[in-house]
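Report on the structure given below.
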There are 2 protein chains.
Amino acid sequence: MFRGINNLNIDMKGRLAIPSKYRGAVISESASQIIVTIDHTDKCLLVYPMADWLLVEKQLNSLNNMNRRARNVQRLLLGHAAECELDSQGRILVPAPLRNFAGLKKKLVLVGQLNKFELWDAEQWIIQRDSWIVEAQEDDFDNDEALAQVSI
Amino acid sequence: MFRGINNLNIDMKGRLAIPSKYRGAVISESASQIIVTIDHTDKCLLVYPMADWLLVEKQLNSLNNMNRRARNVQRLLLGHAAECELDSQGRILVPAPLRNFAGLKKKLVLVGQLNKFELWDAEQWIIQRDSWIVEAQEDDFDNDEALAQVSI
DNA sequence: ACTTAAGTGGGGATTAGTGGGGGAAAGTGG
DNA sequence: CCACTTTCCCCCACTAATCCCCACTTAAGT
């Protein structure tokens, strides 16, 4: 299970070092195979170990694709899914089209989300995060059934 | 159950000594494993023994993440959750990104909140606390069903 | 006042992260 | 089918962060 935030750099060749604390899990669980795709709501990338991705893919595949929204989600997620492999130094090569989509410059953040990571341009991440915090301050979630039940 | 306020210092390397009165509980209950994450409304950190964190994580993980607000709360809490371990001196290393988020300088306060602690920069804490007191003076909680029932 | 425990600070070894060169492989065009 | 270009992968070197250990200071209890 992946948690936590990591500041890292992508080099000019598009290589991204996966933090060593996560490598063991990826290697043993998914034989170093990683899927990188785009997020369907934000300008960030999603990074899945292959085993976790397959579960997502199965769900997407089972959607009724006569439904317009389902088709569009399939296009976004399946359509951008790139297979990557950890190299001998524990790095993956993030394909150029995906780097462009997320506006990745040099400084990035890799954000653990249990079954996957989100990958953001560092600057964008800060902007978004602060806006989520402001939103949470102004909203006590009374109108949201599920969230109102959560106790932290 | 953690209660009370403690003044403590974080050193230049980002190390924080957990007061010894709390260590026993953390060691026996959670094998010295601690999770530090951010608060979703204030610029402070939350410190959970692992066992308590897992309960929170389970709730967050079960939220439907096609819901925008749920996704954003997951991003904030799960996304910043750093696994830390008590070292041989009973200290944890607070990751740099989290120190920056909460604006931690040298002097901190660690505030017991039963299942977790809050960690504030000492100066910020004083300012916030005073503002909560003013707020409470001006508001008699008549509009809040749950709070109106509380008798202290 | 002495003894023990808790908190604080720092040196040094080790590991992780970063960046660049060269060679292999794949893709492109004549 | 061959030559040329580009992409990508492996290896090495350098830098920065983290961990482990030891020592000193401060506080507490007998």
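Letters A, B, ... are given to chains in the order of the sequence lines, protein chains preceding strands, and every chain is numbered from 1. None of these values were measured; they are calculated from a predicted model.
- Computed from coordinates, the B:R91 CZ to D:dT18 P distance equals 15 Å when rounded to whole Å.
- Residue B:L93 is in sugar-phosphate contact alone, with no base atom involved, counting any heavy-atom pair closer than 4.0 Å across all strands shown.
- A:F2 has its side chain out of reach of A:L114: every pair of non-hydrogen atoms, C-beta onward, lies at least 4.5 Å apart.
- Note on B:L46: it clusters hydrophobically with A:V150, by side-chain heavy-atom contacts below 4.5 Å among ILVMFWY residues.
- Grouping the Ile, Leu, Val, Met, Phe, Trp and Tyr side chains by contacts below 4.5 angstrom, directly or via other members, places B:L76 with B:V47.
- A donor-acceptor pair under 3.5 Å links the side-chain atoms of A:N64 to the main chain of A:M66, judged by distance alone.
- Under 4.0 Å is where a charged nitrogen must lie from a carboxylate oxygen, and between A:E135 and B:R69 no such pair does.
- If you check the side chains of A:T41 and B:R71, you find a donor sitting under 3.5 Å from an acceptor.
- If you measure from atom CD of B:E83 to atom C1' of D:dT18, you get 16 Å, rounded to the nearest angstrom.
- Following rounding to the nearest Å, A:N6 (CG) and C:dT18 (P) show an atom-to-atom distance of 10 Å.
- If you measure from atom CD1 of B:I92 to atom P of C:dT8, you get 13 Å, rounded to the nearest angstrom.
- The separation between A:N7 atom CG and D:dT18 atom C1' is 16 Å, rounded to whole Å.
- Rounded to an integer number of Å, the gap from B:D11 CG to D:dT18 C1' is 12 Å.
- Annotation: A:E83, atom CD; neighbour count of heavy atoms from other residues, nucleotides and ligands within 6.0 Å does not exceed 12.
- Within the 4.0 Å cut-off from OP1 or OP2 of C:dT8, not a single side-chain nitrogen or oxygen of B:K107 is found.
- Within 6.0 Å of the CD atom in A:E85, the count of heavy atoms belonging to other residues, nucleotides or ligands exceeds 12.
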Atom pairs, protein N/O to nucleotides 3-7 of chain C N/O, distance under 3.5 Å:
residue : atom : partner : partner atom : Å
C:dG7   : OP2  : B:R23   : NH2          : 2.6

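- Of the N and O atoms on the side chains of B:E118 and B:W120, at least one donor lies less than 3.5 Å from an acceptor on the other residue.
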Below 3.5 Å is the cut-off: list the nitrogen or oxygen pairs between protein and nucleotides 21-29 of chain C, distance only.
residue : atom : partner : partner atom : Å
C:dG21  : O6   : A:K13   : NZ           : 2.7

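- When the P atom of C:dT18 is taken as reference, atom NZ of A:K105 falls 17 Å away, rounded to whole Å.
- Rounded to 10 degrees, the angle between the two end axes of the helix from C:dA1-D:dT30 to C:dG30-D:dC1 is 30°, with five pairs used at each end.
- Summarising the local packing, CD of A:E123 is surrounded by 12 or fewer heavy atoms from other residues, nucleotides or ligands at distances under 6.0 Å.
- Seen from the ring of A:F101, A:K43 counts as a face-on cation partner, given the 6.0 Å and 45° thresholds.
- Summarising the geometry, the separation between CG on A:D87 and P on C:dT18 is reported as 13 Å, rounded to the nearest angstrom.
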